[in-house]
Number of protein chains: 2
Amino acid sequence: MGRSDLANSSCPVSRAIERVGDPWVLMILREAFVGTRRFDDFLAQTGVSPHLLSQRLKQLCDDGILRRRRYCDHPPRFEYLLTDKGRDLWPMIMTLRNWGQTWLGGSSVRLTHKGCGARIDPGLTCPDCGAALTARDVVAEISEEFEQERKRRKGGTQ
Amino acid sequence: MGRSDLANSSCPVSRAIERVGDPWVLMILREAFVGTRRFDDFLAQTGVSPHLLSQRLKQLCDDGILRRRRYCDHPPRFEYLLTDKGRDLWPMIMTLRNWGQTWLGGSSVRLTHKGCGARIDPGLTCPDCGAALTARDVVAEISEEFEQERKRRKGGTQ
DNA sequence: ATGGTAACTTCGAAATTTGAAGTCTGTCAA
DNA sequence: TTGACAGACTTCAAATTTCGAAGTTACCAT
């Protein structure tokens, strides 16, 4: 398959991984959710090299996850803002937080729900009955297309 | 900072990214949740090269996310199983699915909640009041330690 | 003894990443 | 009017990682 083919897979998980399955992209997103907008701040807080940061920001803009906005004309200055598509990746970062805090220890980040004021650790729930969900509680049914893709690969062809 | 320092950060998100913020690790996890256990099946279904697969599986075992179990003595044969720590990464894969399906289009994966039988798209909710959550609904308060780490970096030192 | 399966390992070429240094455009303070 | 500074990058050589094809080890079946 090769990594660059992930985007064309019949699996929505693969397609998503192609866009955001990169440590620096995830670090950039974490920062964006904390309010970071400027190149040099991403640089300092993520620890990525300037070359890579430049590449990744371009890629994230191309993918519609961030947008580059000129916030000063003279001299030209730019900032990077989350789009709706980008903001919808917040559960990814939350899930990383939850897992990191549960299984990796170390210092923590506390979350408060503005709506009800409770201090929370948000998890996945069934939108229908409200029950908390784990891997065992859900059955996944993949598309016919994806089923075919898997069989083709199992055969060893491609 | 450099990528290898992520593990020691005061941020639980960074620490998690160090372990699972890699496209092949995520693909391996996706497969594991679908029931894949054997080397050659991971190989075929993820498209990773055998060398990298070997490395990543080792790393995932070291991190306690998978465990390597001998399922045949003669000849020696091994399989890779999710641990509790690994199974707890299921929300990551779900979140990737949700986002990929919403924003990237293409074929989909349907989920059914065993408990209530409903076809669902699970999202994050407040465990206290049950409301669905987005980035705007939650305030994050970072640890004093992490605050310090950020200030140090902002200064340009390190 | 030939072919097949499973789980890997090896290796050279190709691609990516790192880190330090430099560039460009303009502001501000002395 | 000169020099320091800020922000947003770009460049480049060296180091590291990844790719893909081929090979290895250990068995079983025919």
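Scope of the values below: all heavy atoms of this structure, side chains included, with no hydrogens, waters or symmetry mates. It should be emphasised that the depicted structure is a prediction, and the values quoted were computed from it without experimental measurement. In what follows, chains are A, B, ... by sequence order, proteins preceding strands, each numbered from 1.
Residues A/P50 and A/P75 each lie close to DNA chain C; by heavy-atom proximity, the contact nearer the 5' end of the strand is made by A/P50. A residue-by-residue look at A/D22 and A/D73 shows that A/D22 has its nearest nucleotide of DNA chain C further toward the 5' end.
A cation-pi arrangement is present between A/R150 and A/F146, with the terminal nitrogen or guanidinium carbon under 6.0 Å from the aromatic centre and inside a 45° cone about the axis. No cation-pi contact links A/R77 to A/Y71, judged by a cut-off of 6.0 Å to the six-membered ring centre and 45° from its axis.
Put simply, CZ on A/R37 is 17 Å from C1' on D/dA8, counting in whole angstrom units. With rounding to whole Å, B/H74 atom NE2 is found 14 Å from D/dT25 atom C1'. Atom-to-atom, CZ of B/F78 to P of C/dC8 comes out at 6 Å; the value is rounded to the nearest Å. Here D/dC9 presents its P atom at 12 Å from CZ of A/R38, a figure rounded to the nearest Å. Here the C1' atom of nucleotide C/dC24 and the CZ atom of A/R77 are 10 Å apart, to the nearest Å. The distance between atom CH2 of A/W24 and atom C1' of C/dT18, rounded to the nearest whole Å, is 10 Å. If you measure from atom CG of A/L43 to atom P of D/dG7, you get 12 Å, rounded to the nearest angstrom. One can place CD1 of B/I28 at 14 Å from P of C/dA7, the figure rounded to the nearest angstrom.
Taking 4.0 Å as the cut-off between side-chain N and carboxylate O, B/D88 and B/K85 do not count as a salt-bridged pair. Looking at A/D137 and B/K114, no side-chain N of the basic residue comes within less than 4.0 Å of a carboxylate O on the acidic one, giving no salt bridge. For B/R37 and B/E79, the salt-bridge test passes: some basic side-chain N is under 4.0 Å from an acidic carboxylate O.
Non-hydrogen atoms lying under 4.0 Å from DNA chain C are contributed by B/H51, B/S54, B/K58, B/R68, all within residues 51-70 of chain B.
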A/L133 vs B/I120, side-chain contact (heavy atoms from CB on, under 4.5 Å): CA-CA, chis, key distance, verdict | CA-CA 11 Å; A/L133 297 175; B/I120 56 169; 3.7 Å; yes

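Nucleic acid contact class of B/Y80 (heavy atoms, under 4.0 Å, all strands): sugar-phosphate only.
Counting heavy-atom neighbours within 6.0 Å of B/R136 CZ, excluding the residue itself, gives a total of 12 or less.
Here D/dA8 is the nucleotide among D/dG20, D/dC9, D/dA8 with the atom lying nearest to any side-chain atom of A/Y71.
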